[in-house]
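I have placed the structure first, in the form of structure tokens, so that the comments after it can refer back to it.
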Amino acid sequence: MSAFPMAMSIRPAAGTGSIWSSQPSWSQTLSRMTSSRRRRYPRLRLSPSRIVALRLRSKTDGQKKAYRHAFEFAAKQRADRLPLLMFQAWMAKQDIQNEPGVTASIRSITPSEWADRFHSLSSRGWSKADIDHWIWILSGENGDVRVQRLVSTQTPKPIFLVMILSRSEERFRKAESLLSLMEYASKYHLRSTPSQSVGNEVTLPGRKMTMTTSQFLLLLRRLVNHVLRLMPRSIVTVARFTVGYIRQLSSDTDANTYHHKCEVFNEALLLFKRPAPIRPIANMEFNWRAQRLLLAMSDNLDKPLIINKASYRAVREVMIGLKKSTTERAVAMRYAKSWPPYRQDFDGLDAKRTAEDDYSRSVKAGFLMKEAGYPHDHYDQALSALGGMGVNSPTVQTRSLPPKEWKGEEQDRNLYTRWAMVIRATRNPQEAWKVFNNFGAKTGTAPNVQVYAEMFIKLQSHALHQTSTALPGDSREAFPIHDANYSEYELARLSPPSVNDLYNQMVSRGVKPEGHCLYTLVMNATSLEEATRYLHDGGIDAASVNSLALFKQPSYQALRKIPLLLFKSYIHLLCRLQPDRRGREKLPPEELFRIRHAIKLARFRLRPESTEGSTFRPPWSIIMRALARPHISVTNGTRASNDAEALLMSLEVVQSVEERIGVDPELLLYLCRTVQKAALSRLGSRESLGESGASEGSLVPSGERVLKILKTMFSRITNSVATTETGSGSLEVPPLMHNIGPAHLHTYMRTLAFLEDTTAMKELLQWMLTHKEYINEEAERINSRGHALIAKTLCAYQAFAGLSLRHEEQEDTVSQMEDSTETAGSWRWPTPEETISYVESDPRGGSQQLQQRLLANLWSTSAQQESREEMNMASM
């Protein structure tokens, strides 16, 4: 049965031979047949599957020593449970000389005992060849290889093996691995299998291959965890997987089956509310699609499934993270400038609208929850506040992640959550300060750290840019304050305190900065010294704080005591405090060293072999975004040398990320910006030196290396998700593993132009035409700006690559565009006037300089070719 038979020998007593060759003794067989089931399959204090998972996790001698007691416990057992037997057989194949306890227990098993235990497998439909095959699967070097081995044969494997491979601490790099797990489970474990026969003589009872509801929910939790980290938009695929499981449950209307369906349905709705680690609000759209699939499935059943209170909340929590609908945007445009933001009537149609017509989707879901018999409490009122409806007056509908929910004995603390969310659902610090004071006065309650955190966020928010089209609640920026013709005295009375004054008030009331409040304070501190004060006040270990200091060798163990989100906040602070260039003024070393220190800390804390290093991405994105800043200073020197150094640092960061967690579209975007910045600096320096005409050499230092890295990143990011052929056919998957949108494509196209690789630009345009449907979908997700960026990408191609195209190539490209299914709008080929306008609209003038360089190089090449042709003609 095994596609991979493996010889397995052990060294018991001298002369006993191989364990596979012995036959079970009659006494042992009789004893096993008459033993009770509890003795053969006992409940153990440690799960054998968990012990196998710990063994997979143990790569070093130190890790094996840490879990020594678990391994020794499993090696001593003589029960017939499959994971236990497989573990012992696996240990017998491994070099375990450095684990004397395990070695002694494995060597104590005699060959006849091995043979007897393997012989007993046949009564359950398995064989020793199956054990060999499972060990081979587990021996893969990483999670992706192990899953590939799992699905490499059409033979069913036990459920525990699927559970081990899908464990939460496993690290996957390929989306295909998760898809394969779902398709494999759909084929072999979500429906009952027929009985198995051995030869033509004995018919054995069917193997236990169908997952119970509890097993399925455990697998579902793990799949959601992996999908959100690796490929957030595939949460919709997991929803289809869940729908398939619910539908395959018996269609009988008995109470037990219906209960199981409702259990899976409600648990899935809860799981699908979880935000993705990367761009959680932007990816919330996919969470809603997943929940919507489940709700639609329930509506189409003869007996719709019951939605419990937690599931209603889960739906509302996802809805507050969605973009405003057309109706919700119309309401937001009619907010009064004063507080509370009652709706203003612009015309007669507005006057006819009722208050219910203005409710957001989240608020309407709250009313459905009430109608279902679930009364609102403080947490539900907090969700309503984010949805645009307070207890007695409206608030600003605010796009947000779900707030903290207190449960159990601490449920009464949801009053603070409600207070904090009403503060969040304001437009500026002045309104937030008014809510801060009024809420406390009405309830007679002092604010806690959760409430202070929201107030700090409002005080530290940046003013909305004058050209922004954002509506109130769309972003964290502060909208203009409405003074309502107040006197200067009244304005001063209503003005909120400074961050420092509010912090002193908080500390004086005995409230310690912790959690989200501490993260916010550290991230927005004005200096490293101020951040250190916050860390000490927050109770962070002194050794850990010292490990963050500049010019000190950090301790890995000390850094591990710092929560990951707090560590991210400190990295953000270091990058934010990295100074910009100040003309010819030289900057002190301690200021220039901050971002290098951030890189050092990230490499030290997020080690490649650690779970944190292979799953936690934000610090790397923060560092890359900082290095891409237009005027950041990383060295005292010329602008060109400074930007070249920033590029080299970015390349090193990309290498570190590739070793740990893998690249993503955001890193590609930031690296492209850094490349363009370095190229523009060199163009500017040549122009200032009076150099003109054709120029040899790349605009970017190490141009060939940079180009190779960019091409490799783009290739990996745009890899299509390969589907496996397991016969399920119901699990539709996204075409790409990552969300790469018009902004990434436009930036990458311009970067290839600065690297002067016309061939790569042609390949990118061809890729866009091939994946036009996908790009259109991504453009729709960011509204009109997405289609404008597509048009800009085509203009960039025509402006920079079009100069070197032959007439036939140009006609062929235009023909491909016209033959496409949709030629209107952003996919129309740009006119010469639009291309000129695109080049001239560059505020830094880089497009004009690049086009002049490309034209000069093209003219120089053409002139040299003509000269050679004339010389050849003269010599004839």
Side-chain angles (χ1 to χ4, degrees), residues 57 59 63 142-144 166-175 177-178 221-232 234-235 274-283 401 515-516 518-520 522-523 531 535 540-541 544 547-548 554-576 595-627 650 652-671 713 716-717 737-739:
R57 187 178 180 180
K59 304 296 183 183
Q63 291 173 318
N142 56 52
D144 295 308
S166 64
R167 68 196 190 282
S168 297
E169 65 264 23
E170 185 59 275
R171 293 177 255 179
F172 294 110
R173 285 286 190 93
K174 298 178 180 179
S177 299
L178 300 176
R221 293 185 197 104
R222 293 175 175 179
L223 287 173
V224 169
N225 177 65
H226 292 304
V227 162
L228 290 177
R229 179 186 63 80
L230 190 66
M231 190 180 179
S234 283
I235 192 73
R274 289 178 50 189
I278 300 299
R279 304 186 69 206
I281 292 183
N283 284 311
L401 291 177
H516 191 54
L518 182 58
Y519 308 156
T520 299
V522 169
M523 186 184 302
L535 292 171
I540 302 301
D541 180 67
S544 299
S547 287
L548 294 173
S555 163
Y556 176 64
Q557 295 302 326
L559 288 179
R560 286 196 65 189
K561 296 179 181 179
I562 300 175
L564 276 178
L565 292 179
L566 181 56
F567 179 76
K568 181 199 82 169
S569 297
Y570 195 81
I571 296 295
H572 187 282
L573 174 67
L574 288 169
C575 294
R576 185 174 62 81
I595 196 164
R596 289 181 172 84
H597 186 57
I599 296 172
K600 179 181 178 182
L601 288 176
R603 285 176 176 159
F604 212 80
R605 169 70 189 271
L606 305 175
R607 294 184 173 180
E609 68 275 9
S610 69
T611 301
E612 295 171 341
S614 62
T615 57
F616 195 60
R617 189 183 297 274
W620 303 114
S621 298
I622 292 169
I623 292 169
M624 289 292 289
R625 183 170 64 242
L627 289 171
S650 294
E652 293 174 359
V653 171
V654 168
Q655 182 178 355
S656 296
V657 175
E658 185 59 46
E659 293 170 354
R660 290 162 172 81
I661 195 171
V663 295
D664 67 352
E666 297 307 304
L667 292 186
L668 174 69
L669 183 70
Y670 298 140
L671 181 58
M713 289 178 68
R716 289 179 179 173
I717 290 168
M737 179 173 167
H738 297 281
N739 294 345

Restricting to non-hydrogen atoms, name the atom on [X] and the atom on [Y] that form the minimum distance, rounded to 0.1 Å.
X: V224; Y: R274; answer: CG1-NH1, 4.2 Å
X: H597; Y: L574; answer: CD2-CD1, 3.9 Å
X: W620; Y: L667; answer: O-CD2, 4.1 Å
X: A531; Y: L573; answer: CB-CD2, 3.3 Å
X: Y670; Y: M624; answer: CB-O, 3.7 Å
X: P619; Y: I571; answer: O-CG2, 4.1 Å

Closer than 3.5 angstrom, by distance alone: can the side chain of [X] be matched with the main-chain N or O of [Y] as a donor-acceptor pair?
X: D144; Y: R173; answer: yes
X: S610; Y: L606; answer: no
X: S547; Y: S555; answer: yes
X: R57; Y: Q63; answer: no
X: R171; Y: T611; answer: no
X: S656; Y: E652; answer: yes
X: S544; Y: A558; answer: yes

With a 4.5 Å limit on heavy-atom distance, are the side chains of [X] and [Y] in contact?
X: L671; Y: V663; result: no
X: L548; Y: L559; result: yes
X: P277; Y: R617; result: no
X: S614; Y: R660; result: no
X: M737; Y: K174; result: no

Approximate separation, where rounding is to 0.5 Å, of [X] [atom1] and [Y] [atom2]:
X: N142; Y: S177; atom1: CG; atom2: OG; value: 8.0 Å
X: L566; Y: K561; atom1: CG; atom2: NZ; value: 14.5 Å
X: L518; Y: M523; atom1: CG; atom2: CE; value: 10.5 Å
X: I623; Y: C575; atom1: CD1; atom2: SG; value: 5.0 Å
X: I235; Y: N283; atom1: CD1; atom2: CG; value: 10.5 Å
X: I717; Y: N739; atom1: CD1; atom2: CG; value: 11.0 Å

Answer yes or no: is there an ion pair linking E612 with R605, defined by an N-O contact shorter than 4.0 Å?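 Between R605 and E612 there is a salt bridge, with a charged N closer than 4.0 Å to a carboxylate O.
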Is it true that R716 and E658 have a side-chain N and a carboxylate O under 4.0 angstrom from each other?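 Here R716 pairs with E658 in a salt bridge, since their nearest N and O are under 4.0 Å apart.
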Check the pair L601 / Y570 against side-chain contact (heavy atoms from CB on, under 4.5 Å), numbers first and verdict last. CA-CA 10 Å; L601 288 176; Y570 195 81; 4.3 Å; yes
Kindly determine whether D664 and L668 satisfy side-chain contact (heavy atoms from CB on, under 4.5 Å), including the steps that lead there. CA-CA 7 Å; D664 67 352; L668 174 69; over 6 Å; no
Decide side-chain contact (heavy atoms from CB on, under 4.5 Å) for D541 and I562; before the verdict, give the C-alpha distance in whole Å, the side-chain angles of both, and the deciding distance to 0.1 Å. CA-CA 8 Å; D541 180 67; I562 300 175; over 6 Å; no
Is the positively charged end of R607 above the ring of Y556, judged by distance under 6.0 angstrom from the centroid and angle within 45° of the axis?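 So R607 does make the cation-pi contact.
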Evaluate R625 against H572 for side-chain contact (heavy atoms from CB on, under 4.5 Å), listing each step before the verdict. CA-CA 10 Å; R625 183 170 64 242; H572 187 282; 4.1 Å; yes
Show me the side-chain donor-acceptor pairs of residues 225-232 shorter than 3.5 Å, one per line, residues at least two apart or across chains.
| residue | atom | partner | partner atom | Å |
| --- | --- | --- | --- | --- |
| H226 | NE2 | S166 | O | 3.1 |
| H226 | NE2 | R167 | O | 2.9 |
| R229 | NH2 | F172 | O | 3.1 |

